[in-house]
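Report on the following structure.
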Number of protein chains: 2
Amino acid sequence: MRLLPHPATESIQLTEVLRALADPVRLEIVVRLSVQKEQTCSGVGEELGVHKSTASHHYRMLRESGVVMTRQVGRLKFMRLRRDDLDARFPGLLDSVLAAARADDAVLATARAEGVRAVESVPAHGG
Amino acid sequence: MRLLPHPATESIQLTEVLRALADPVRLEIVVRLSVQKEQTCSGVGEELGVHKSTASHHYRMLRESGVVMTRQVGRLKFMRLRRDDLDARFPGLLDSVLAAARADDAVLATARAEGVRAVESVPAHGG
DNA sequence: CGCATAGTTTTATGGTTGTCAAACGATTAG
DNA sequence: CTAATCGTTTGACAACCATAAAACTATGCG
């Protein structure tokens, strides 16, 4: 089990976080992660209908901006929201964005069209 | 006195708002507007050290995304945060972003370097 | 080792963006 | 109308980005 390099909590930049969240695909990834805690890269990629390299690009954006954390277990990589870190650095920001995403019709429409499956077969991790 | 076209509250899109806020110059404009309520275009432009056409570009982004409202008085145009509209559509989002901007060292450093002047000679408007 | 799986990196491409300069439009003052 | 002011629009340019195909890395299984 390994952990990929992530920015320290203190070095998370607001503009980078906002830009990471400003993309529809990434915002939906974040919304899904807020529901089911952890998700594999390929899982999200397939559900969102983007190429795996495109998905990897978004994972990187989310990781480098400090929004998600990635841990590797074997061949799989699980992503997870850095809720505590984001809350510590920018209190209330993530929650308001998530609430806003649920209030935004466009985002909701996309989420409904795809459906939020894959809650199955995701091994829980810590808690 | 005239009002420029702005998106209706219901049609404000989250991703567009986030993208508008994800630029350092625009984020600083928003922070300043949160302090002094109204500001002229040229005022902000000069303080931020960007060309007036660049400033105008940012104003447009902020206006079209629904973040600010612009009213014209003679030759001057005053910008103002659409606090109520944003709060109605995305409760807590603007406040948390503003709080985050104050907590973000990079943004703070820029704000400090420039200083927040120009609170003079800005005619108050309504309440 | 060979083979399959899971992601990343590279390369390429079309689109967007931030920036400035210069031209334009709109408003006010004479 | 002319001149000056304030801001927008257009043109140009470099940088970045979202996307996908292909090549590559890394892990796991025999």
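Each chain gets a letter, A, B and so on, in the order the sequences are listed, and its residues count up from 1. If you're wondering where the values come from, they're calculated on a predicted model, not measured in any experiment.
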Original post:
What is the distance, rounded to the nearest whole Å, between atom CG of A:L48 and atom P of D:dA18?
Top reply: 14 Å
**OP:** Round to a whole Å and report the spacing from CZ of B:R71 to C1' of D:dC6.
**Re:** 15 Å
**OP:** With sequence neighbours left out, write down each residue that passes salt bridge (charged side-chain N to carboxylate O under 4.0 Å, His left out) with A:R75, or none if nothing qualifies.
**Re:** none
**OP:** Could I get the full list of salt bridge (charged side-chain N to carboxylate O under 4.0 Å, His left out) partners for A:D23, not counting sequence neighbours?
**Re:** none
Original post:
Can you give one letter per nucleotide of nucleotides 4-14 of chain C, going 5' to 3': B for a protein heavy atom under 4.0 Å from the base, S for sugar-phosphate only, - for none?
Top reply: BBSBBB-----
Original post:
Going from CG on B:L27 to CG on B:L21, what distance comes out if it is rounded to the nearest 0.5 angstrom?
Top reply: 6.5 Å
**OP:** Figure out the CG/C1' separation between B:L62 and C:dT17, and round it to whole Å.
**Re:** 14 Å
Subject >> side chain to side chain contact (heavy atoms under 4.5 Å, CB included) involving A:R63 - partner list, sequence neighbours excluded >> reply: A:L4, A:H6, A:R60, A:V68, A:T70
Subject >> For B:S56, all residues meeting side chain to side chain contact (heavy atoms under 4.5 Å, CB included), sequence neighbours excluded >> reply: B:Y59
**OP:** Applying side chain to side chain contact (heavy atoms under 4.5 Å, CB included), name anything that partners A:P7, two or more places apart in sequence or on another chain.
**Re:** A:S11, A:R82
Original post:
For B:R19 and C:dT16, is the shortest distance between a side-chain N/O and OP1 or OP2 below 4.0 Å?
Top reply: no
